[in-house]
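Please read the structure below before turning to the comments.
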There are 2 protein chains.
Amino acid sequence: MVKSTKVMNEHLQQRYRALGLKLTPQRLAILSYLEGNTRHPSADEVYRAVLGVFPTMSFATVYNILEALREKGFIAELSVDPVKKRFDADPAPHHHLVCLSCGKIEDVHQEIALPALRKHAGGFTVLRSQIAFYGHCPSCRAA
Amino acid sequence: MVKSTKVMNEHLQQRYRALGLKLTPQRLAILSYLEGNTRHPSADEVYRAVLGVFPTMSFATVYNILEALREKGFIAELSVDPVKKRFDADPAPHHHLVCLSCGKIEDVHQEIALPALRKHAGGFTVLRSQIAFYGHCPSCRAA
DNA sequence: GTACGTGCAAAGGTTTTGCATTACA
DNA sequence: TGTAATGCAAAACCTTTGCACGTAC
């Protein structure tokens with residue numbers, strides 16, 4: 001499922017190198033797979049998808065790369081699935097719709113203003129917030 | 001850390017039995033540990049806490065009981081920690097503050113009105129929603 | 001007494017680690 | 001060439017499962 005012909009645009013490559021990350025073929029393959037991907041894949045899904053291009057790719061490398069990408073802000077890590085990590089190819093702040101039946105996750109790019117927290121904040125410094133909307137997707141509702 | 005002297009109140013016991021759940025000592029111990037607990041413990045934390053009262057308690061039983069309690073609405077399962085499930089002794093809808101440094105989770109009981117989702121809803125039927133506020137707790141900010 | 005719950009051990013799934021080898025820059 | 005990344009295997013975690021035994025009702 002990896003579009004091996006797709007070439008990451010020059011700007012992304014520059015941004016990538018500027019952060020001190022080596023541009024290996026494995027990383028290019030994962031970046032290509034993730035670019036514009038709205039499936040919120042797990043590490044295992046990324047692994048299987050990229051195996052078609054790199055039959056020698058290992059889990060360790062996938063985790064290494066995903067962690068490097070996350071640390072540098074290229075992707076985000078989601079805590080929506082209680083069992084495994086899922087990764088969001090879009091690191092910009094947004095919210096999510098989660099299907100309680102099939103686990104499908106959809107992005108919500110609508111801006112939602114949240115009020116300041118009252119006493120409840122317990123002294124926390126809030127940096128960002130994320131809303132998870134739980135429900136049923138159309139196909140699951142039909143079934 | 002389990003207050004073995006604490007007795008679950010009569011009303012809770014009735015509600016429990018009314019749902020067809022047998023009131024075993026193990027379940028009483030876990031219910032006692034969870035009652036009023038705002039730590040959002042993982043299964044492992046529950047296990048270790050209850051071991052003091054039941055040295056023979058096994059993981060399987062902890063998971064069985066937590067799943068039974070969740071299914072019956074006594075507790076809620078949180079998807080805040082990407083690696084493991086955490087349980088919320090308070091099943092009523094509320095939001096959470098999550099410390100990005102130490103992982104501490106605090107409840108936010110403030111009511112927050114959310115607008116209806118526009119086109120983004122993708123046909124989802126939204127049942128409930130939950131906001132996670134990420135930041136740093138006072139003790140982590142000090143360090 | 002019976003259906004349901006418990007406890008043990010083993011298996012399944014996800015993530016991390018150590019280390020030798022490889023390859024980008 | 002030097003540093004960082006990769007690949008493999010094994011280990012570490014978290015969670016689930018199967019089944020014999022025990023117990024609340």
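To find a chain, count down the sequence lines: A is the first, B the second, and so on, and within it residues start at 1.
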Between [N] ([atom2]) and [X] ([atom1]): distance, integer Å:
| X | N | atom1 | atom2 | result |
| --- | --- | --- | --- | --- |
| B/Arg17 | C/dC4 | CZ | C1' | 15 Å |
| B/Asp81 | D/dC13 | CG | P | 15 Å |
| B/Glu67 | C/dC4 | CD | C1' | 16 Å |
| B/Leu78 | D/dC14 | CG | P | 17 Å |
| A/Leu23 | D/dT6 | CG | C1' | 15 Å |
| B/Leu19 | C/dG5 | CG | C1' | 16 Å |
| A/Leu51 | D/dG7 | CG | P | 10 Å |
| B/Leu28 | C/dT6 | CG | C1' | 14 Å |

Using atom types as modelled, flag every donor-acceptor pair under 3.5 Å from a side chain in residues 131-143 of chain B to any protein atom, sequence neighbours excluded.
from     : atom 1 : to       : atom 2 : distance (Å)
B/His136 : ND1    : B/Ser101 : OG     : 2.9
B/Arg141 : NH1    : A/Gly123 : O      : 2.9
B/Arg141 : NH1    : A/Thr125 : OG1    : 2.5
B/Arg141 : NH2    : A/Gly123 : O      : 3.4

Where do A/Ser79 and B/Asp81 come nearest, in terms of heavy atoms and distance?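 Minimum heavy-atom separation between A/Ser79 and B/Asp81: OG-C, 4.1 Å.
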Among residues two or more places apart or on two chains, list those pairs meeting salt bridge (charged side-chain N to carboxylate O under 4.0 Å, His left out) that have a residue in residues 85-100 of chain B.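 Of all non-adjacent pairs touching residues 85-100 of chain B, those that pass salt bridge (charged side-chain N to carboxylate O under 4.0 Å, His left out) are B/Glu77-B/Lys85.
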Quick one: salt bridge (charged side-chain N to carboxylate O under 4.0 Å, His left out) pairs with a partner in residues 57-66 of chain A, sequence neighbours left out?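 Pairs touching residues 57-66 of chain A that pass the test: none.
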Hey, mind stepping through B/Ile30 and B/Phe54 against side-chain contact (heavy atoms from CB on, under 4.5 Å) and telling me if it holds? CA-CA 10 Å; B/Ile30 289 186; B/Phe54 279 87; over 6 Å; no
Pick base, sugar-phosphate or nothing for B/Pro25, based on heavy-atom distances below 4.0 Å to the nucleic acid.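 Sugar-phosphate only.
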Single hit among B/His40, B/Arg39, B/Lys84 for side-chain contact (heavy atoms from CB on, under 4.5 Å) with B/Glu45: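 Among B/His40, B/Arg39, B/Lys84, the one meeting side-chain contact (heavy atoms from CB on, under 4.5 Å) with B/Glu45 is B/Arg39.
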Under the side-chain contact (heavy atoms from CB on, under 4.5 Å) test against A/His94, which residue among A/Asp107, A/Val108, A/Ile112 passes?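 When A/Asp107, A/Val108, A/Ile112 are each tested with A/His94, the side-chain contact (heavy atoms from CB on, under 4.5 Å) holds only for A/Asp107.
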What side chain to side chain donor-acceptor pair (under 3.5 Å) pairs are there with at least one residue in residues 55-66 of chain A, not counting sequence neighbours?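 Counting only pairs at least two positions apart or across chains, the side chain to side chain donor-acceptor pair (under 3.5 Å) contacts touching residues 55-66 of chain A are A/Ser58-A/Thr61.
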Name the pairs: protein N/O against N/O of nucleotides 1-5 of chain D, kept only if under 3.5 Å.
from  : atom 1 : to      : atom 2 : distance (Å)
D/dT3 : O2     : A/Lys22 : NZ     : 2.9
D/dA4 : O4'    : A/Lys22 : NZ     : 3.1
D/dA5 : OP1    : A/Arg27 : NH1    : 3.3
D/dA5 : OP1    : A/Arg27 : NH2    : 3.2

Distance from B/Leu69 atom CG to B/Phe87 atom CZ, nearest 0.5 Å?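 It comes to 9.5 Å.
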Summarise protein proximity over nucleotides 10-16 of chain C in one line of letters, 5' to 3': B for base, S for sugar-phosphate only, - for none, counting protein heavy atoms closer than 4.0 Å. ----SBB
